[in-house]
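A quick write-up on the structure given underneath.
By convention in this document, chain letters (A, B, ...) are assigned in the order of the sequence lines, proteins followed by strands, and residues within each chain are numbered from 1.
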Number of protein chains: 2
Amino acid sequence: MSRTFLEREDVIPLLSEVFREHGYDGASLSAITAHTGLGKGSLYHFFPGGKKEMADAVLGEIENWFEESVFAPLRSETDIRHAVASMLSAVDSYFHSGGRICLVGAFALSNTRDQFALRIRHYFQAWTDTLSDSIERSGLDHSAARAIAEEYIGGIQGALLLARGLDDPLVFTRALHRLNARMNDIFRN
Amino acid sequence: MSRTFLEREDVIPLLSEVFREHGYDGASLSAITAHTGLGKGSLYHFFPGGKKEMADAVLGEIENWFEESVFAPLRSETDIRHAVASMLSAVDSYFHSGGRICLVGAFALSNTRDQFALRIRHYFQAWTDTLSDSIERSGLDHSAARAIAEEYIGGIQGALLLARGLDDPLVFTRALHRLNARMNDIFRN
DNA sequence: GTCTATAGAGTGATAGAC
DNA sequence: GTCTATCACTCTATAGAC
């Protein structure tokens with residue numbers, strides 16, 4: 001009998017897929033056991049808090065990925081146009097060019113929102129604040145920078161939603177191109 | 001026995017509130033009976049198809065509202081800047097200045113999406129097509145008009161999502177102001 | 001009697017917790 | 001695997017209007 005020693009961290013990406021596909025309520029424990037290959041016993045061993053803790057772990061991993069792959073580069077890159085282009089490129093690959101939804105966004109619009117309100121707010125706040133700071137460092141005043149940051153994050157989330165609603169991922173691709181071009185309009189040298 | 005003469009149509013706005021508050025899965029029959037004041041007998045009398053039919057009725061009423069209050073005015077107004085300003089004003093009041101989510105958008109990102117995919121797609125298609133046609137009539141070519149329409153609908157949906165995620169309705173108000181100003185930038189005489 | 005509207009006990013299925 | 005709670009839904013009973 002071959003044992004695979006799955007760690008807690010190995011399970012999280014699988015959980016992420018299940019929640020993305022079924023939503024929080026729709027991800028039944030049986031769907032989770034089916035997709036992870038773990039029995040309920042193992043799941044409750046890794047996540048004593050049950051489904052809530054599983055979703056929290058997934059949201060935490062998403063936070064970490066964005067911190068590392070989006071926020072940190074935004075902070076260190078000095079040319080705002082490069083910074084934004086890199087961000088959009090990272091976002092494009094993360095969301096599979098519009099074929100994958102934003103789990104945090106989906107949670108924000110769902111009935112589970114209250115349960116995860118803090119994590120959701122933190123995600124969007126970190127993103128808008130980091131982008132806004134980056135824009136401000138390029139010479140715009142605070143409220144103008146904040147407005148552009150909101151336009152970008154809202155534009156990305158709205159494009160993901162619209163792509164999903166229209167069942168056409170190209171909507172997302174087009175939105176990213178517009179957002180990229182827009183930064184060159186704002187900062188033309 | 002005292003009769004209250006509730007009609008099917010009177011129930012739909014109440015259902016709309018319940019679905020908006022709890023989502024589709026989260027809106028349990030007991031929550032629905034509590035909020036509508038109707039027993040299961042009455043509900044199944046009005047909606048023999050059960051919860052699915054209740055949600056369909058709500059989505060249908062939303063469609064009708066937008067057709068009447070947003071799409072029709074877009075078609076008849078010739079000045080695109082007035083048309084867009086009127087649309088944004090209607091949208092602002094419909095979504096309670098960012099305090100209310102778009103049920104269709106929420107469904108689009110939820111696990112119930114597949115069940116209502118047709119209605120969801122129709123809603124977003126009707127909106128983007130109507131707006132795009134309106135812009136095209138003002139002199140832009142087809143793909144440019146379509147891009148702007150997607151920017152607007154995506155911007156509205158994204159701003160609603162972001163306002164919800166950040167728990168700050170002003171995010172939505174600011175987005176509407178930007179979108180209104182943007183049309184004046186595009187069509188400056 | 002017939003029709004419409006109502007309430008709610010009871011059904012089997014399935015949920016998440018453990 | 002077992003547990004209890006809750007789910008959507010069915011069905012019976014009952015009310016008044018005509």
Side-chain angles (χ1 to χ4, degrees), chain A residues 1 3 6-8 11-60 103 106-107 110-117 119, chain B residues 1-61 103 106-107 110-117 119:
Chain A
M1 179 194 189
R3 302 279 304 260
L6 273 184
E7 311 264 345
R8 200 186 118 113
V11 185
I12 296 175
L14 298 171
L15 292 175
S16 172
E17 285 180 50
V18 186
F19 285 126
R20 242 177 255 275
E21 193 180 345
H22 299 99
Y24 182 73
D25 286 336
S28 65
L29 261 285
S30 57
I32 294 173
T33 57
H35 198 269
T36 58
L38 292 174
K40 296 178 189 175
S42 309
L43 286 170
Y44 274 86
H45 171 68
F46 286 136
F47 307 96
K51 215 165 94 164
K52 170 80 160 68
E53 189 176 336
M54 298 178 207
D56 262 322
V58 168
L59 292 176
L103 192 61
F107 275 24
S110 77
N111 57 320
T112 63
R113 173 191 168 246
D114 293 352
Q115 253 180 310
F116 302 104
R119 273 216 134 85
Chain B
M1 180 191 189
S2 82
R3 308 282 303 256
T4 45
F5 291 99
L6 267 185
E7 311 266 342
R8 200 187 116 113
E9 313 142 37
D10 302 324
V11 185
I12 295 176
L14 298 172
L15 292 174
S16 173
E17 285 180 49
V18 186
F19 285 126
R20 244 176 253 275
E21 193 181 344
H22 298 100
Y24 182 74
D25 287 335
S28 67
L29 260 288
S30 57
I32 293 172
T33 57
H35 197 269
T36 57
L38 292 173
K40 295 176 197 171
S42 309
L43 288 169
Y44 276 86
H45 170 70
F46 287 134
F47 308 95
K51 217 166 91 162
K52 170 81 160 68
E53 188 175 338
M54 299 178 206
D56 263 322
V58 169
L59 292 177
E61 178 151 289
L103 192 60
F107 275 23
S110 77
N111 58 320
T112 64
R113 173 190 167 247
D114 293 352
Q115 251 179 309
F116 301 103
R119 272 216 136 85

Rounded to the nearest Å, what distance is computed from the CZ atom of residue B:F47 to the P atom of nucleotide D:dT10? 15 Å
B:T33 vs C:dG8: side-chain N/O to OP1/OP2 distance below 4.0 Å: no
Just how far, in rounded Å, is P of D:dA8 from CD1 of B:I32? 7 Å
Treating A:K51 as the side-chain partner and A:Y24 as the backbone partner, does any N or O pair qualify as donor plus acceptor under 3.5 Å? yes
Starting from P on C:dA5, measure out to CZ on B:R8 and report it in whole angstrom. 12 Å
B:L103 CG to B:L15 CG distance, which is reported to the nearest 0.5 Å: 11.0 Å
Over all atoms of both residues, closest heavy-atom pair of A:T112 and A:S110: OG1-OG, 2.6 Å
A correct 5'-to-3' footprint of nucleotides 10-18 of chain C, with B, S and - meaning base, sugar-phosphate only and no protein heavy atom under 4.0 Å, is B----SSBB
Euclidean distance, atom NE2 of residue B:H45 to atom P of D:dA8 [Å, nearest integer]: 21 Å
Does A:R113 have any salt bridge (Lys or Arg N to Asp or Glu O under 4.0 Å) partners at least two apart in sequence or in another chain, and if so, which? B:D167
Between atom CG in B:L15 and atom C1' in D:dA8, what is the gap in whole Å? 15 Å
Across all chains, not counting sequence neighbours, the salt bridge (Lys or Arg N to Asp or Glu O under 4.0 Å) partners of B:E17 are none
Does the B:S42 side chain pair with the main chain of B:L38, one donor and one acceptor, at a distance under 3.5 Å? no
